[in-house]
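In what follows, a structure is listed as structure tokens, so that the remarks can point back to it.
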Amino acid sequence: MAQVLSTIGFDADDTLWHNERFFQMTQAHFAELLADFTDKPNLMQRLLAAEKRNLGHYGFGVKGFTLSMIETAIEVTSGKVSAPVIAEILDAGREMLRHPVDLLPHARAAVETARQTHRTLLITKGDLLDQERKLAQSGLGDLFHAVEIVSDKTPDTYRGIFDRHGTGVDRALMVGNSMRSDVLPMIEAGGWGVFVHHGHAWDFERAEAPSEDARYHALQDLGELSDLIAKIESI
Ligand SMILES: [Mg+2]
């Protein structure tokens with residue numbers, strides 16, 4: 001009997017390895033640097049607004065985040081932020097590009113198990129160099145049939161990727177920690193969208209779960225993925 005699914009797509013950041021916690025550490029440092037000018041909640045609100053404003057210019061990733069921190073620093077100090085503080089912000093951004101890659105629980109086993117029965121893809125947003133570095137350091141590179149580092153995750157992105165590397169999006173499942181990027185556009189494209197819980201979520205990536213949709217599933221962690229795939233295959 002033919003399989004229901006041919007291809008499993010994995011998100012990377014905060015699905016396979018830690019990421020958001022490095023952003024949060026950097027944000028805490030950023031707030032300390034500007035404590036004389038504003039409190040952390042206000043600063044974070046302004047920073048998020050700058051990041052959203054700049055996504056269309058810089059895309060997702062550490063470089064754009066660093067530029068948005070600088071822009072926010074200029075804003076909240078009414079142009080008085082000092083060059084040494086800007087240098088510290090740049091340092092903090094570079095530090096993020098060197099952070100170690102720590103796999104999340106069950107990440108390796110989930111990909112290893114999936115690839116025994118299905119084609120596996122890695123689909124991630126972010127800076128090209130940074131994502132390539134993290135994939136290399138993760139040791140997971142050889143487990144994927146293909147890797148796609150994309151500027152955004154839209155229904156068209158998923159249609160294109162699963163056409164190129166699989167047998168179409170309607171026989172594909174995407175698993176990730178972002179409702180907005182990994183789940184909703186995948187389901188809209190006609191595929192299966194699987195949300196995997198992660199403690200830290202960037203505000204931008206939050207969205208309502210499509211709970212009514214038969215192709216939507218949520219997992220507590222990647223340890224539950226193989227059972228879900230088996231269940232879908234047995235329908
Ligand atoms: Mg993610």
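The first residue of the sequence shown is numbered 1, and numbering continues consecutively from there. Below, all heavy atoms of this structure are taken into account, side chains as well, without hydrogens, waters or symmetry copies.
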Beyond-backbone contact of [X] with [Y], side-chain heavy atoms, under 4.5 angstrom:
| X | Y | value |
| --- | --- | --- |
| L103 | W17 | yes |
| F30 | V85 | no |
| D221 | P105 | no |
| E95 | F22 | no |
| R215 | M186 | no |
| V175 | L228 | no |
| R94 | D91 | yes |
| D102 | R21 | yes |

Pair up each side-chain donor or acceptor in residues 55-69 with any protein partner under 3.5 Å, not counting sequence neighbours, and list the distances.
{"from": "T66", "atom 1": "OG1", "to": "V62", "atom 2": "O", "distance (Å)": "2.8"}
{"from": "S68", "atom 1": "OG", "to": "N54", "atom 2": "ND2", "distance (Å)": "3.0"}
{"from": "S68", "atom 1": "OG", "to": "G64", "atom 2": "O", "distance (Å)": "3.1"}

Would you find a donor on one side and an acceptor on the other, under 3.5 Å apart, between the side chain of [X] and the backbone of [Y]?
| X | Y | answer |
| --- | --- | --- |
| R171 | Q3 | yes |
| T15 | N177 | yes |
| Q220 | H197 | no |
| H145 | L121 | no |
| S181 | K153 | no |

* Around Q24, counting heavy atoms of other residues, nucleotides and ligands shown, do more than 12 lie under 6.0 Å from its CD? -> yes

* Indicate whether any N or O donor in one side chain lies under 3.5 Å from an N or O acceptor in the other, for E205 and H198. => no

* Asked: Is it the case that E148 and H165 place a side-chain donor and acceptor less than 3.5 Å from each other?
  -> yes

Heavy-atom closest pair, residues [X] and [Y]:
| X | Y | result |
| --- | --- | --- |
| L122 | A12 | CD1-CB, 3.9 Å |
| T77 | V81 | OG1-N, 2.9 Å |
| P155 | A189 | O-CB, 3.6 Å |
| I187 | G193 | CG1-N, 3.6 Å |
| S6 | T167 | OG-OG1, 2.5 Å |
| S211 | Y216 | CA-CD2, 3.9 Å |

Can you tell me how far the [atom1] atom of [X] sits from the [atom2] atom of [Y], to the nearest 0.5 Å?
| X | Y | atom1 | atom2 | answer |
| --- | --- | --- | --- | --- |
| E208 | M179 | CD | CE | 8.5 Å |
| H29 | I89 | NE2 | CD1 | 8.5 Å |
| I149 | I123 | CD1 | CD1 | 11.5 Å |
| L47 | I70 | CG | CD1 | 11.5 Å |
| T117 | I229 | OG1 | CD1 | 6.0 Å |
| K80 | I74 | NZ | CD1 | 13.0 Å |

* Sequence-distant partners of A35, side-chain contact (heavy atoms from CB on, under 4.5 Å), two or more places apart -> none

Cluster link [X] to [Y], ILVMFWY, side chain under 4.5 Å:
| X | Y | answer |
| --- | --- | --- |
| V4 | L173 | yes |
| V196 | V194 | yes |
| F195 | I8 | no |
| F23 | L90 | yes |
| W192 | V169 | no |

* To do: Please lay out, stage by stage, how F10 and L225 fare under the test side-chain contact (heavy atoms from CB on, under 4.5 Å).
  => CA-CA 11 Å; F10 288 84; L225 182 65; 3.6 Å; yes

* So H118 and E233, side-chain contact (heavy atoms from CB on, under 4.5 Å) or not? Walk me through it. -> CA-CA 11 Å; H118 296 78; E233 293 298 0; 2.7 Å; yes

* Just do the side-chain contact (heavy atoms from CB on, under 4.5 Å) check on L43 and F37 with the steps written out, would you? => CA-CA 9 Å; L43 185 68; F37 297 91; over 6 Å; no

* Asked: What's the verdict on side-chain contact (heavy atoms from CB on, under 4.5 Å) for D182 and Y158, showing C-alpha distance, side-chain angles and the deciding distance?
  -> CA-CA 9 Å; D182 302 317; Y158 288 122; 3.7 Å; yes

* For L16, which of L104, L222, V101 qualifies under side chain to side chain contact (heavy atoms under 4.5 Å, CB included)? -> L222

Name the atoms and distances for all side-chain donor-acceptor pairs under 3.5 Å in residues 130-143, with sequence neighbours left out.
{"from": "D130", "atom 1": "OD1", "to": "R133", "atom 2": "NE", "distance (Å)": "3.4"}
{"from": "D130", "atom 1": "OD1", "to": "R133", "atom 2": "NH2", "distance (Å)": "3.3"}
{"from": "Q131", "atom 1": "OE1", "to": "K134", "atom 2": "NZ", "distance (Å)": "2.9"}
{"from": "Q131", "atom 1": "NE2", "to": "D13", "atom 2": "OD2", "distance (Å)": "3.2"}
{"from": "Q131", "atom 1": "NE2", "to": "T124", "atom 2": "OG1", "distance (Å)": "2.7"}
{"from": "Q131", "atom 1": "NE2", "to": "K125", "atom 2": "O", "distance (Å)": "2.6"}
{"from": "R133", "atom 1": "NE", "to": "L97", "atom 2": "O", "distance (Å)": "2.8"}
{"from": "R133", "atom 1": "NH1", "to": "H99", "atom 2": "O", "distance (Å)": "2.8"}
{"from": "R133", "atom 1": "NH1", "to": "Q137", "atom 2": "OE1", "distance (Å)": "3.3"}
{"from": "R133", "atom 1": "NH2", "to": "L97", "atom 2": "O", "distance (Å)": "3.4"}
{"from": "R133", "atom 1": "NH2", "to": "H99", "atom 2": "O", "distance (Å)": "3.3"}
{"from": "K134", "atom 1": "NZ", "to": "D13", "atom 2": "OD1", "distance (Å)": "3.0"}
{"from": "K134", "atom 1": "NZ", "to": "N19", "atom 2": "OD1", "distance (Å)": "3.3"}
{"from": "S138", "atom 1": "OG", "to": "L135", "atom 2": "O", "distance (Å)": "2.7"}
{"from": "S138", "atom 1": "OG", "to": "L140", "atom 2": "N", "distance (Å)": "3.1"}

